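What follows is a single structure, written as C-alpha cells, with notes after it.
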Amino acid sequence: MLDIRLLRHHPERARERLASRGGGDEAKLDRILELDARRRALITESEQLQAQRKRASKEIGALMAQKKLEEAERRKAETRAIGDRIDALRKELLQVEEGFEELVAALPNLPHESVPIGPDASANAVVRERGRKPEFAFQPRTHLELCERLGLVDFTRGAKLAGSGFLLYTGRGARLERALIQFLIDLHTREHDYTEVSPPYMVSRECMFGVGQFPKFEDQAYAVQEGLDGSTLGKLYLIPTAEAPVANIHRGEILKESELPRCYAAYSPCFRAEAGAAGVGTRGMIRVHQFDKVELIRIATPETGYEELEKLTGHAERVLQLLGLPYRVVLLCTGDLGFASAKTYDIEVWAPGQGQYLEVSSCSNCEDFQARRMELRYKDASGRNRFPHVLNGSGTALARLFVALLECGQQPDGSVLLPEPLRPYYGEDRIAAE
RNA sequence: GGAAGGGUGGCUGAGCGGUUGAAGGCGCCUGACUCGAAAUCAGGUGUAGGCGCAAGCCUACCGAGGGUUCGAAUCCCUCCCCUUCCGCCA
C-alpha cells in the first residue's frame, strides 16, 4: 500500500513512477485524490458534530443529577438530531472510504530510482554472470530424459494423482529433493543470519493481502474448503510462497529498532494455480502447480533496506556458487517488476539441457509497501513508530535447481555427479546410472 | 464438536450506563535527595486519524463487528481468540 500522504503531496512523482510500470495505474490517481479530499471533509464535519454531542451529553448528565428532568428531556431531543446527522455523515464516509481503500490497495508499489525503465523483460539488465557453463563432449540430455532414465521423477503418475503440473518424486529423486532442502536451510541458518521457521502452508486472506498477493492475484491461489458445507471456502489459501506466512509473522506488531533486521528462512511447498499458463512451457518440472522452495525474509529499517537487498541477493547467489552452477543476476525493469516490489533482482541458473537460463530466485525490496498493508511497524530510536522495509527472496526454488543440477552434472555414462557440498546431504557423490 | 470461564494500557488488575483514555500496583523515563547507588518523594509515560506554520485543539479506540441510548469499557446480538474439562483424532 502506498502512503496516501505521498500521493497527496507529490502526486506528480507518484504519477510518473506508476506510469513507468506501464500498467496504466496512474490513471486512478485523480479519482483517489478526489475521494481522499471528500473523505477528509466528512471526517472533519462528523468529528466536529461528535464533539458537540459529547459536550451536550455531559450537560444532560449534569441536569439529570440536578433532577431538572424537563430540561434534560428537551436537550435529549435536540441532541438526537445531531446524532442523526452524524449517522448520515458516517454512512457516506463508510462508502467513500471503501471506494478509496479499494483503489489505493490496487496501486502497485513505486519502482526505485535505480530500476531501469522499460515495458517488459526485454529491458531487464544483466548485472553479473558467474560460473562457467559446462561443455559437453556429447549431446547433453534434458532433465526429463535424465529423470526418466535415473527414475527420479514419475511424471505420469504425478499427473494421475493430481493432474498435470504435479510431480511424484521417486527413490533417489525424492532423496535428492530432501537433501537439497536440508542443505539450503543449513546454509542460511549457519553461514548466514537467518532464523529457521516452519510456517503454516495455508494462510488467511489478511496475510495474502498483506504481502500484496490479494486482491489482484486471487485467481492464482488455491482456496481451501473445509468439510462439506462450503461455508469455510475462501477463508484459507494454499500459500504460493512461504513469503505469505513468514512476512506476516509480525503483522500488526510494533517491533523495537534494536530487533532489526529480523531474518527468517523457511522451507515450504508452494502452490500456484498458474491460471492461463497452460500449454506454455508446461512440460517437465519447470512450471508446476506445486514445488518446494526455501524462502528468505528480512525486515529492516528503511535506512538499511537497500544494503539488505544486496545482502539478501548475495545469500541466494551463495547457493549457486556452492553448488557450482553457472548463473546470472538480472535487474528487473519497471515493466517486469512484481506488484509489491520496488526493486527486484532475479537469479537465473543455466540449464544446458534447456539451453536457457531458469529463474530460481527473485529477491525484492518491497520497502514499506507490505508493512503498511499488514500494519507492521517498529519504534525508532526517537520513539516514533515507522514502517520497516520488508524484503523477500528465494533461497532458492527447488524444482528448477533440481533441473540445473541434473543437466549441469550429467556425465557421459548417464550418471549425474553431485557438487561436493551436497554429497554429505545426499549420502553419495553421484546418482549412478542403473 | 460439546460445556464452562475469560479477552481492559508494556505487564498486572479495578471499573459494570454519565465529567473514565480508563483507579491501584509493577515497569519505564525525567527531576529532587545522594560522593554515587539503592530506598524515598514529585512529575511524566498508548495508538490511529482530522484540523493547524506551530503551540495545540478535536475525534476514535477497553478482542472484532453490529444494535439500544442524549450518552456504552459497562446493556443486547453475531463472530473471533484464549484457558479448563469432555468427545474425536495424526
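The model shown is predicted, which means the values in this text are computed figures rather than measured ones. Naming: A, B, ... by sequence-line order, numbering from 1 per chain.
- Taking the six-membered ring where tryptophan is involved, the planes of A:His188 and A:His192 are tilted, since the angle between them lies from 30° to 60°.
- Phosphate contact (OP1/OP2 of B:A60, side-chain N/O of A:Lys54, threshold under 4.0 Å): present.
- For A:His250 and A:Tyr378, the ring centers are positioned 6.0 Å apart or more.
- When the side-chain nitrogen and oxygen atoms of A:Gln50 are compared with OP1 and OP2 of B:A60, one or more of them lie within a distance under 4.0 Å.
- The P atoms of B:A73 and B:C62 are separated by 6 Å, rounded to the nearest whole Å.
- At a cut-off of 3.5 angstrom, the base of B:G50 holds no donor-acceptor pair with the side chain of A:Gln48.
- Taking atom P on both B:U12 and B:G63, the two are 14 Å apart, rounded to the nearest angstrom.
- A:Ala56 comes within 4.0 angstrom of no nucleic acid atom, judged by non-hydrogen atoms across all strands.
- Backbone-only contact: A:Arg5 has heavy atoms under 4.0 Å from sugar-phosphate atoms and none from a base.
- The aromatic rings of A:His289 and A:Phe166 sit tilted relative to each other, their planes meeting at an angle between 30° and 60°.
- A:Thr79 comes within 4.0 angstrom of the backbone, heavy atoms only, and of no base.
- For the OP1/OP2 pair of B:G46 and a distance below 4.0 Å, the side-chain nitrogens and oxygens of A:Arg377 include no atom meeting the criterion.
- In terms of phosphate contacts, A:Arg53 brings a side-chain nitrogen or oxygen within less than 4.0 Å of OP1 or OP2 of B:G71.
- Contact check, A:Arg80 against B:C70: a side-chain N or O comes under 4.0 Å of OP1 or OP2.
- Side-chain atoms of A:Arg40 lie closest to B:C51 of the nucleotides B:A48, B:G18, B:C51.
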